[in-house]
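Everything below concerns the one structure shown next.
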Amino acid sequence: MTPSPENHDVSVYIGRFQIFHNGQLALLRRALAAAPLCLVVLGSAWQARTPKNPFTWEERVEMIRLALPEADRDRVRFLPMRDYYDQERWVAAVRQGVAELLGEKAGASSVVLVGHFKDATSEYLKNFPGWTLDSAESQGRIDASALRDAYFGNAGAALEPALAALVSQAPASTVAFLRSWAALPYFRELAQEWESLRQEKAKWAGSPYPPVFVTVDAVVQCGGRVLLIRRGRSPGKGLFAVPGGFIEQRETVYQSALRELEEETRIRLLEGDMENALKAVHVFDHPDRSLRGRVITHAHFFDLGARRLPEVQAADDAAAAEWIPIEKLAAMEDRFHDDHFHMLDFFFSLTART
C-alpha cells in the first residue's frame, strides 16, 4: 500500500536510471505520492561513459524531469552519488547527502525510502535504519540492461525500429531523448564498445559456469605522482587505468603484477627495488567493478619514494603511459576505466570520507 503524503515529510528513491523506463517512473510516482518532497539519488555519478553507464548524471536528471508533469518537477530534488564499491561508505554518503539537502529540517524530517527488491543488487534497501521502507511490487518485466542492448545493438542499422520497440517500455520523453542523444558522437563510440564486449562475452557462452577472472594491477607512486596508462583498446579505449592485466597459469599474483607493469609501461627497475617498494596488496572484488563481468583483481601498491621519475613508454595494449600528479587525480574521476579511480582513492584518499 502506498504511504500517504501526511505520513512522511520526504521520500527517497535511489537508482542509476541508465535509460529511465516505465517501471522507474511508476516508483517515482509512488515516491511523490508518499511525501510532498522527493529526493532522487542518482547512482554511478562521475563515471566515465560506458555501455552500462552511457549518460552523465546531469543528462539523467533531464531524462527524469521530462517524464514528469510540470507541477511535480518542483517537488523533486536530485542527489548525484558516486559508486564507492564499499556498501558501508556508500550508505553513509547517501545519508549525509540527504541530510545536507534537507538542511536544518534533516533531524526532524520523517523519511520514507521507496524501492523494489529486484535481486541481490537491491539489498542496500535494508541498510537505512530510521527510514521507513516502502517495498513496492514489481512494476513489470522491464530491464534497463535489455533496453540498452536494444539501443546500442542497433547502432549499425536503422535506429527507428529499435526506438519504436521501446515505446511500451519507456516514457515518450525518454524515447525522444534517446533519439536526439543518438546524434552525438558518444553513441557510435559506445555502440562499438558494446559490440566488443558482446563478442568477448560470447566466447564464454558455452562455459558450464559463469566465468570468474583473476587479474592484477600495479599502483606505482613516485615523487608525488602515480603511473597511469591510457587504454589502447576496448573495453575502456582511451580511458586512464592502472597498469595491469590477467594472471598467467604459472605465475603468482606478484609476478603477474611485475610482468604486466613492464609490458605496458617498459619501466625498468631492479627486482630488489620493487620488493622494497611494495607497501600493500589489496583485493578489489566487487561483483560490479568490471564491464567484462566477474573480475577479481589484486592491486599491488609500490612506493618508489622521492627518487627521479623512471622513464616509461607505452607498450602492449597501452596507448600512452605517463606519471600523473596525485593532486590532479580527483578532478579526473570521469576519465577512468572501470573502478580504477576508486582503486586509487583507496590508496590515496582522493574523496572525502564520511
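Given the structure is predicted, the values throughout are model-derived calculations rather than measurements.
- For Arg73 against Leu66, the heavy-atom pair with the smallest separation is NH2-O, 3.7 Å.
- In the model, Thr215 has no side-chain atom that pairs as donor or acceptor with a side-chain atom of Arg292 under 3.5 Å.
- Remark: side-chain polar atoms of Thr50 are paired, donor with acceptor, to backbone N or O of Asn53 under 3.5 angstrom.
- The one candidate from Phe187, Phe177, Phe17, Tyr186 that meets the ring pair (Phe, Tyr, Trp, His ring centres under 6.0 Å) condition with Phe55 is Phe177.
- Considering OG of Ser290 and NZ of Lys52, their distance stands at 9.0 Å, rounded to 0.5 Å.
- Asp9 and Ser110 form no side-chain donor-acceptor contact under 3.5 Å, judged by distance and modelled atom types alone.
- If you chain together ILVMFWY residues whose side-chain heavy atoms come under 4.5 Å of each other, Tyr209 ends up in a group of its own.
- Using the six-membered ring where Trp is involved, Phe284 and Phe347 have ring planes that are perpendicular, over 60° apart on the 30 and 60° scheme.
- No donor-acceptor contact under 3.5 angstrom links the side chains of Asp83 and Trp46, judged on distance only.
- Note: Phe240 and Phe336 have tilted aromatic rings, judged against thresholds of 30 and 60 degrees for the angle between ring planes.
- In this structure, Tyr13 OH and Leu113 CG are separated by 10.5 Å, a value rounded to the nearest 0.5 Å.
- For Glu123, the CD atom is densely surrounded, since the number of other residues' heavy atoms within 6.0 Å is greater than 12.
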